[in-house]
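Presented below is the structure to which this report refers.
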Amino acid sequence: MNTFKRQLFFTFLLLTTSVTGFALEFNAPKGPIILTLEGNIDEPNQGDSMVFDRDMLMALPSHEVSTDNPWNEGVQTYQGFNPIDLLAAVDAEGDMLRITALNQYITEIPVSDFQQFGAIIAYSMNQEIMSVRTKGPLMVVYDFDDYPELRSETYYGRSIWQIQSIEVFNSKE
Ligand SMILES: Nc1nc2c(c(=O)[nH]1)N[C@H]1C(S)=C(S)[C@@H](COP(=O)(O)O)O[C@H]1N2
Ligand SMILES: [Mo]
């Protein structure tokens with residue numbers, strides 16, 4: 001298999017194993033809704049979508065990324081979740097995320113970025129909840145220090161902050 005095929009295969013493997021191996025029961029949101037997930041979702045909790053408050057997202061396995069980036073001076077430590085876990089938890093399928101911000105900025109990110117580069121969707125920086133004022137409530141954070149080759153327009157453009165919604169879809173459909 002060439003690298004690309006192998007990557008696809010492992011993405012597939014990861015998605016399928018996590019769907020069966022990781023079952024997280026989500027309750028209805030109790031706090032303010034900070035994220036709407038749209039797309040091919042098995043058990044939506046609001047119309048065709050799945051809505052989340054912060055506690056629901058913080059219940060997912062949490063990951064840390066410590067890096068310098070163009071938005072905050074010096075190395076900061078971000079805490080957040082891996083959207084692959086989120087998709088698995090709600091049985092959502094797809095290899096692409098179309099993410100929309102509060103200012104209606106939109107970017108599309110291959111799901112594979114979140115396993116290849118250890119990227120996360122952060123809700124905290126240095127253990128403090130990110131407010132809208134500090135680019136929260138959610139922001140895509142790449143590990144630019146561990147993967148300096150990501151320091152390009154492509155990945156800066158994917159570093160979307162003030163995330164409001166995510167649509168999961170299949171690029172091959
Ligand atoms: N919410 C939001 N995130 C965003 C953007 C935006 O307009 N809104 N622009 C993107 C693009 S195209 C790039 S290159 C970088 C730019 O960051 P800067 O405006 O701090 O230079 O942020 C990305 N994330
Ligand atoms: Mo950009």
Side-chain angles (χ1 to χ4, degrees), residues 4 7 11 29 31-41 44-87 89-90 92 94-171:
F4 180 63
Q7 250 168 39
T11 305
I33 289 162
I34 63 166
L35 179 69
T36 301
L37 182 68
E38 293 155 336
N40 198 357
I41 298 163
N45 66 357
Q46 184 183 281
D48 293 335
S49 308
M50 181 89 195
V51 294
F52 301 88
D53 63 13
R54 198 183 315 272
D55 285 350
M56 293 163 77
L57 298 174
M58 290 178 87
L60 292 164
S62 78
H63 300 272
E64 270 191 2
V65 169
S66 292
T67 186
D68 181 29
N69 64 31
W71 303 282
N72 290 296
E73 228 193 304
V75 175
Q76 313 293 339
T77 301
Y78 299 84
Q79 290 83 29
F81 63 92
N82 187 322
I84 292 174
D85 290 330
L86 181 71
L87 299 186
V90 302
D95 62 349
M96 288 291 290
L97 303 180
R98 184 178 292 119
I99 308 186
T100 305
L102 291 167
N103 70 345
Q104 299 307 304
Y105 174 78
I106 296 175
T107 188
E108 290 185 358
I109 306 183
V111 171
S112 57
D113 276 16
F114 295 96
Q115 80 190 109
Q116 248 186 297
F117 307 126
I120 61 170
I121 296 185
Y123 39 68
S124 297
M125 188 177 87
N126 305 323
Q127 304 291 347
E128 287 202 23
I129 293 296
M130 291 163 77
S131 62
V132 169
R133 185 173 291 205
T134 58
K135 297 203 169 2
L138 298 169
M139 176 178 180
V140 169
V141 173
Y142 284 89
D143 196 334
F144 293 110
D145 282 4
D146 277 3
Y147 301 91
E149 68 272 24
L150 302 184
R151 293 187 181 272
S152 70
E153 228 3 78
T154 301
Y155 295 94
Y156 291 151
R158 291 180 188 174
S159 299
I160 179 173
W161 60 82
Q162 296 176 337
I163 293 172
Q164 184 173 45
S165 64
I166 300 177
E167 182 194 340
V168 53
F169 68 101
N170 266 307
S171 56

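Residue numbers start at 1 and run along the sequence shown. Whatever order the structure lists ligands and atoms in, that order sets their numbers, starting from 1.
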Please name all residues satisfying ring pair (Phe, Tyr, Trp, His ring centres under 6.0 Å) with F117, sequence neighbours left out, ordered by chain then number.
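With neighbours one apart ignored, the set is Y147, Y155.
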Partner set under ring pair (Phe, Tyr, Trp, His ring centres under 6.0 Å) for F52, not counting sequence neighbours
F26
Considering only non-hydrogen protein atoms, determine which one is nearest to [atom] and report residue, atom name and distance to 0.1 Å.
atom: atom 14 (S) of ligand 1; answer: E153 OE2, 3.0 Å
atom: atom 8 (N) of ligand 1; answer: N103 ND2, 3.1 Å
atom: atom 23 (C) of ligand 1; answer: Y156 O, 3.3 Å
atom: atom 19 (O) of ligand 1; answer: W161 CH2, 4.0 Å

More than 12 heavy atoms of other residues, nucleotides or ligands under 6.0 Å from CG of N103: is that the case?
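Yes.
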Applying a 4.0 Å heavy-atom criterion (strictly less than), which segment of [X] is in contact with ligand 1: side chain, backbone, both, or neither?
X: R158; value: neither
X: T107; value: neither
X: Y105; value: side chain

Using a 4.0 Å cut-off to any heavy atom of W71, which atoms of ligand 1 qualify?
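So the atoms of ligand 1 that pass are 15 (C), 17 (O), 18 (P), 20 (O), 22 (O).
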Looking at A101, which atoms of ligand 1 are within less than 4.0 Å of one of its heavy atoms?
1 (N)
So, taking the atom named OG in S171 and the one named CZ in R98, what distance separates them when rounded to the nearest 0.5 Å?
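So the OG of S171 and the CZ of R98 are separated by 10.5 Å.
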L57 side, atom CG; D85 side, atom CG - distance, nearest 0.5 Å:
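Rounded to the nearest 0.5 Å, the CG-CG separation comes to 11.5 Å.
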In terms of relative ring orientation, are W71 and Y156 parallel, tilted or perpendicular, with 30° and 60° separating the classes?
perpendicular
Indicate whether the side chain of D113 and that of Y142 have a donor and an acceptor atom separated by less than 3.5 Å.
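Note: D113 and Y142 side chains meet the donor-acceptor criterion.
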Non-hydrogen atoms of S159 versus ligand 1: any pair closer than 4.0 Å?
yes
